[in-house]
Every structure is written in structure tokens, then in C-alpha cells.
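Some notes on the structure that comes next.
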Amino acid sequence: MLHVFPDLASLSRAAAEALVNIAARAVAERGRFTIALSGGETPRTLYRLLATDCREQVPWPHVHVFWGDERFVAPDDPRSDYRTARDTLLDHVPIPSESVHPIPTLMPSPEAAADAYEETLVAYFGSPWPRFDLMLLGLGAEGHTASLFPHSPALDEEARWVVAATVPADPPQRITLTLPAVNHAAHVYFLVSGAEKAAALRAALTDPPDVHACPASGVKLVNGELVWWADQPATGRLI
Ligand code: 6PG
């Protein structure tokens, strides 16, 4: 499903309202709402809305926050996805600290961090796969999502939930959930803004899926709802 909005502000507001509904339903049905956050710039507007206009609508004491990927940098590094979420959202809402589950980047290696996070997820969700109530994802201009970049060996991973990856971006060392881990989520929301994403959005939505060329096209939920939230400029190549 694709929802198109004039701009990032209206896209983010609509996605925030939908997120609130998923959270309310999850808490009513299972007593908790599990969300995996994405990094980068696009979700910042949504995060700020969740910390302000939507703050009272989110059942924060029952929310558990995870990440779909992370840069292998210190938690207070400005490039850290955890730092971004803290600055724009988590430091401004009444979420219990024990409900925030960052990817541990103060480990000896990205591989050790990936192993540790996989253990965290297995302990929390149990087998066979993690089932996040909602996973937020972004889209890179060349089609990457999370830290799954074109032609990465991580794209062929079928058993691991979390792997280390070296990517052609700064910083190069990353930890990322794998496609099977993503694809078992109950809901996945892609937030896509800007004309520079138009070619990637077209590749992800219309061309025959080629996961190695466009990793985002590999997001096909096993049993869940996939929604693309895009602004007008990002849809410029769809018509
Ligand atoms: C990250 C994200 C990454 C991001 C895309 C889009 O850690 O950087 O997980 O997948 O979502 O690169 O980033 P922008 O929103 O900044 O365009």
C-alpha cells in the first residue's frame, strides 16, 4: 500500500496517527507495543511528533523500542541512530529505560555487537523469528534499507536475525537486521521523502523485485502489512 502526501510534514503526521493506532491495538491485545526504529534524517519529523503532538496518545509505559540497524559508533556519536532517537524522541517521553533496547556498539567488533543483539531479540521474542508490531524503515537513494545495501552478502542471509555489514556510506561498519527478520514483522512502514529517492522508490515498487540491486524490494512481509509513506517529490518516477 502506498500513501502519498504533499510533503514530509504531512507524511509524518499521517504515519504518526497510524502508528498510534497500531500501538493502542497491540497494547490492548498483548499488553505491549514493540517498535523497531530506523535511522537517518527522514524519521526525525515523525519522532518529534511522537514526542509532542502525539505524546499523550502513545502508551509509553508499554512501549518497547528496538532498532532495525545501527552504525558501529559510540552511542553519543552524532551519527548514532540511537543518539538521533534519544535527541528527537526518547529523552522527551515517559518510556521506562529498561524498555529501550539499543544495539550495543561499545563491543569489540560489529560482529560481536550483531551476535549480542541477536541474543537480545531471541530472548525477547523467542523463536523462530522476531515479530515486531511495527518496524520503521527508510530508503536510500540507491535502494538500500536498514543497513542492507545493494550487492551486500547480508542480503542472502536466511538464518541469522542480525549481522554485521560493511557499507559504502559513513560510517562503513554497521549492524543490521536481515531481510527474514524484517519480513516477519506485523507492520512495516517505509518513510520516503525527496526527489532523490524517486528512482529507488520506483525500483522498489514497480520493477520486478531484484533484492541485490534494490534491497528495499526484498521487503515482502510473511504475514503482515507493508505500507509506503511517501511525499510527492519521491513519487516523481512512478507515473
Ligand atoms: C540509517 C538508516 C538508513 C536510512 C536511509 C535513508 O541508519 O541510516 O537506517 O537505512 O533509513 O539511509 O536515510 P535518510 O532518511 O537520511 O534519507
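Counting starts at 1 for both ligands and their atoms, following the listed order. Residue numbers count from 1 along this sequence.
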For atom 13 (O) of ligand 1, which candidate among Ser38, Ala146, Gly40 holds the nearest heavy atom?
Gly40
Is there a polar contact, in the sense of an N or O pair closer than 3.5 Å, between Asp81 and ligand 1?
yes
The closest protein heavy-atom partner of atom 12 (O) of ligand 1 is His144 NE2, 2.7 Å
Among all protein heavy atoms in this structure, tell me which lies nearest to atom 6 (C) of ligand 1, with the distance rounded to 0.1 Å.
Leu139 O, 3.6 Å
Audit row: Phe33, His62, ring pair (Phe, Tyr, Trp, His ring centres under 6.0 Å) steps and yes/no
CA-CA 6 Å; Phe33 170 58; His62 306 290; over 10 Å; no
How many angstroms lie between CD1 in Ile35 and CG in Leu37, if you round to the nearest 0.5 Å?
5.0 Å
Any idea which protein heavy atom is nearest atom 9 (O) of ligand 1, and the distance to it?
Asp69 OD1, 2.7 Å
Quick one: are Val192 and Trp228 in side-chain contact, heavy atoms under 4.5 Å?
yes
If you measure from each heavy atom of Arg71 to ligand 1, is any distance below 4.0 Å?
yes
With no hydrogens and no angle check, just 3.5 Å: does a side-chain donor-acceptor pair link His92 and Asp87?
no
Numbering the atoms of ligand 1 from 1, which are under 4.0 Å from a heavy atom of Gly138?
11 (O)
Looking at ligand 1, does any of its N/O atoms fall within less than 3.5 Å of an N/O of Glu41?
yes
Is it true that the side chains of Ser10 and Asp7 contain a donor and an acceptor less than 3.5 Å apart?
yes
Ligand 1 versus Thr42: contacting region, heavy-atom distance under 4.0 Å
both
What about the rings of Tyr124 and His64, do their centers lie closer together than 6.0 Å?
yes
Report, in ascending order of atom number, the atoms of ligand 1 lying under 4.0 Å from any heavy atom of Lys197.
6 (C), 14 (P), 17 (O)
Run the ring-centre check on Phe190 versus Trp229 and record whether the distance is less than 6.0 Å.
no
